[in-house]
Engineer: 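This structure is in C-alpha cells; I'll ask about it shortly.
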Amino acid sequence: MKYTKKPTKGQLEVLDFIQKYIEKHNIPPLIEDIKSAFQFKSTRSVTQYLDALTRQGYIERNRKQKRGIQLVNHYQEPGLDTVLVPLRGTVSCGQPSFYADDNIENFYSVDSRLLTSKVNNYFLVRSCGNSMNRAGIEDNDLVLVEKTDYFANGDRVVAVIDGLATIKNFSKGDSSIVLYPASSDDKHKPLIVKDDFNLVGRVVDILPDPESFNDIRYEPVNQ
C-alpha cells in the first residue's frame, strides 16, 4: 500500500506535533490541543488535516473517542518494531551547507532498536558530497542523528557553523575542536573551530533510502 498523495509541509508539521505529544503525555492530543498549538481559527481546520493524514495512511482515527488519534507505522517490515523519524533536510559532507532544523520533508520508519532514548531526540538528514565516504557516508545517504550534548573523540557529528551544517568526525583539543573529513578525495581538509559553531547531533547509523529500491516490498500494518 502506498500513500495516496505526498503530504504537504503543514500536514507533516501536524503529524510531527501528534507524535511528540504522544511521546510526552503518553496519550493522543485532543482536536482542541492541535487547534491551540497551530492557532487555527476553527476545529474544522484541524479535521481537514487529520482527514488528509488518515487518507495518506499516517494515522487512524476513532471518531467516537475524544483522543481517538492513533499513529500508524505504515512502511514496516513484517514483525519489525519501528518508529517514525522526520527527515529534516540535506547536510553537506564537504564545506558547511544550508540546513534548517524546523524543516520536515518527510517521515521514515526506523527500526526502534537503533534508538536508545526518546524518539524526539532523533532525526534524519540526507548527506551531500563525498568528504565522509571512508566513514561509510556516501552522497545522498539517509543519516540517522541523535540530538545530544555529549560527544567523544572519533564520533561522527552534525555541526552547524555560522548557520550552515556539515557532517564530520569530531576531535576535541585543549583550546579548539577539529572537525575532520574521512574521504578518498584529498581536497577535503579539517575544519578547526572555536567559536560560532554548534554540535547538533551524533551520527547513529547510515540507512538505505527506501525510495532508491524498486524491488523492496513494503507491508502495511493493521491491514
Engineer: For residues Met132 and Val143, determine if any side-chain heavy atom of one lies less than 4.5 Å from a side-chain heavy atom of the other.
Structural biologist: no
Engineer: Could you tell me whether the side chain of Val145 reaches within less than 4.5 Å of the side chain of Leu124, counting heavy atoms only?
Structural biologist: no
Engineer: Roughly how far apart are Ile18 CD1 and Leu84 CG, rounded to 0.5 Å?
Structural biologist: 11.0 Å
Engineer: Is there side-chain contact between Leu115 and Val83, with heavy atoms separated by less than 4.5 Å?
Structural biologist: yes
Engineer: Are Lys9 and Asp16 ion-paired here, with the side-chain N under 4.0 Å from a carboxylate O?
Structural biologist: no
Engineer: Is a side-chain donor or acceptor of Asn153 paired with a backbone partner of Lys172 at a separation under 3.5 angstrom?
Structural biologist: yes
Engineer: Indicate, with yes or no, if Val14 and Ile27 share a hydrophobic cluster defined by side-chain heavy-atom contacts under 4.5 Å among Ile, Leu, Val, Met, Phe, Trp and Tyr.
Structural biologist: yes
Engineer: To the nearest 0.5 Å, tell me how far Arg126 CZ sits from Arg88 CZ.
Structural biologist: 15.0 Å
Engineer: Taking the side chain from Gln11 and the backbone from Thr8, do they hold a donor-acceptor pair closer than 3.5 Å?
Structural biologist: yes
Engineer: Roughly how far, to the nearest 0.5 Å, is the CZ atom of Phe40 from the NZ atom of Lys35?
Structural biologist: 10.0 Å
Engineer: Quick one: does Ser127's side chain have a donor or acceptor within less than 3.5 Å of a partner on Glu138's backbone?
Structural biologist: yes
Engineer: What's the verdict on side chain to side chain contact (heavy atoms under 4.5 Å, CB included) for Val157 and Leu179, showing C-alpha distance, side-chain angles and the deciding distance?
Structural biologist: CA-CA 9 Å; Val157 301; Leu179 303 175; 4.1 Å; yes
Engineer: Look at the side chain of Ser45 and the backbone N and O of Lys41, then say whether any donor-acceptor pair between them is shorter than 3.5 Å.
Structural biologist: no
Engineer: Can you find a pair of side-chain heavy atoms, one from Asp155 and one from Asn169, that are under 4.5 Å apart?
Structural biologist: no
Engineer: Please check this pair: side chain of Thr166 against backbone of Ser92, looking for a donor-acceptor N/O pair closer than 3.5 Å.
Structural biologist: yes
Engineer: Please determine whether a side-chain nitrogen of the Lys or Arg among Asp186 and Arg134 lies less than 4.0 Å from a carboxylate oxygen of the Asp or Glu.
Structural biologist: no
Engineer: Taking all atoms of both residues into account, what is the closest heavy-atom pair of Pro190 and Val178, and its distance?
Structural biologist: CB-CG1, 3.9 Å
Engineer: Can you name the closest pair of heavy atoms from Glu146 and Val204 and give their distance?
Structural biologist: CB-CG2, 3.7 Å
Engineer: Could you pull out the closest heavy-atom pair between Ile31 and Leu50, with the gap in Å?
Structural biologist: CG1-CD1, 4.1 Å
Engineer: Do Glu60 and Thr54 come within less than 4.5 Å of each other through their side chains, counting heavy atoms only?
Structural biologist: no
Engineer: Begin with the C-alpha distance, continue with both residues' side-chain angles, and end with the deciding distance and a verdict on side chain to side chain contact (heavy atoms under 4.5 Å, CB included) for Leu71 and Gln19.
Structural biologist: CA-CA 7 Å; Leu71 289 173; Gln19 178 168 287; 3.9 Å; yes
Engineer: Under 3.5 Å, is there a donor on one side chain and an acceptor on the other for Thr116 and Tyr122?
Structural biologist: yes
Engineer: Would Tyr180 and Leu191 count as a side chain to side chain contact (heavy atoms under 4.5 Å, CB included) if you check the C-alpha gap in whole Å, the side-chain angles of each, and the deciding distance to 0.1 Å?
Structural biologist: CA-CA 6 Å; Tyr180 59 94; Leu191 301 173; over 6 Å; no
Engineer: Would you say Ile22 and Leu12 are hydrophobically clustered, going by side-chain heavy atoms of ILVMFWY under 4.5 Å?
Structural biologist: yes
Engineer: Using the side chain to side chain contact (heavy atoms under 4.5 Å, CB included) rule, take Phe38 and Tyr49 through it: C-alpha gap first, then chi angles, then the decisive distance, then the call.
Structural biologist: CA-CA 11 Å; Phe38 290 91; Tyr49 276 92; over 6 Å; no
Engineer: Taking atom types as modelled and ignoring hydrogens, do the side chains of Ser184 and Asn133 form a donor-acceptor contact shorter than 3.5 angstrom?
Structural biologist: yes
Engineer: Under 4.5 Å between any side-chain heavy atoms of Thr43 and Glu32, yes or no?
Structural biologist: yes
Engineer: When you measure from the side chain of Arg156 to the backbone N and O of Lys168, does any donor-acceptor pair fall under 3.5 Å?
Structural biologist: no
Engineer: For the pair Asn121 (side chain) and Lys147 (backbone), establish whether a donor and an acceptor sit closer than 3.5 Å, ignoring hydrogens and angles.
Structural biologist: no
Engineer: Closer than 3.5 angstrom, by distance alone: can the side chain of Ser183 be matched with the main-chain N or O of Asn130 as a donor-acceptor pair?
Structural biologist: yes
Engineer: Would you say Leu30 ends up clustered with Val46 if hydrophobic residues are merged whenever their side chains have heavy atoms under 4.5 Å apart, either directly or through other cluster members?
Structural biologist: no
Engineer: Among Asp111, Leu207, Val125, which residue satisfies the side-chain contact (heavy atoms from CB on, under 4.5 Å) criterion with Leu144?
Structural biologist: Leu207
Engineer: Minimum heavy-atom separation for Phe17 and Pro29, please, with both atom names.
Structural biologist: CE2-CB, 4.1 Å
Engineer: Please tell me if the side chains of Asp139 and Cys128 come closer than 4.5 Å, counting only heavy atoms from C-beta onward.
Structural biologist: yes
Engineer: Using only atom types and a distance under 3.5 Å, with no angle test, would you say the side chain of Asp185 pairs donor to acceptor with the backbone of Lys187?
Structural biologist: yes
Engineer: Is any side-chain heavy atom of Leu142 closer than 4.5 Å to one of Tyr108?
Structural biologist: yes
Engineer: Please name the pair of heavy atoms, one in Asp141 and one in Gly136, separated by the smallest distance, quoted to 0.1 Å.
Structural biologist: OD2-O, 3.7 Å
Engineer: Looking at every heavy atom in both Leu199 and Phe197, which two are closest together, and how far apart are they?
Structural biologist: CG-CE1, 3.9 Å
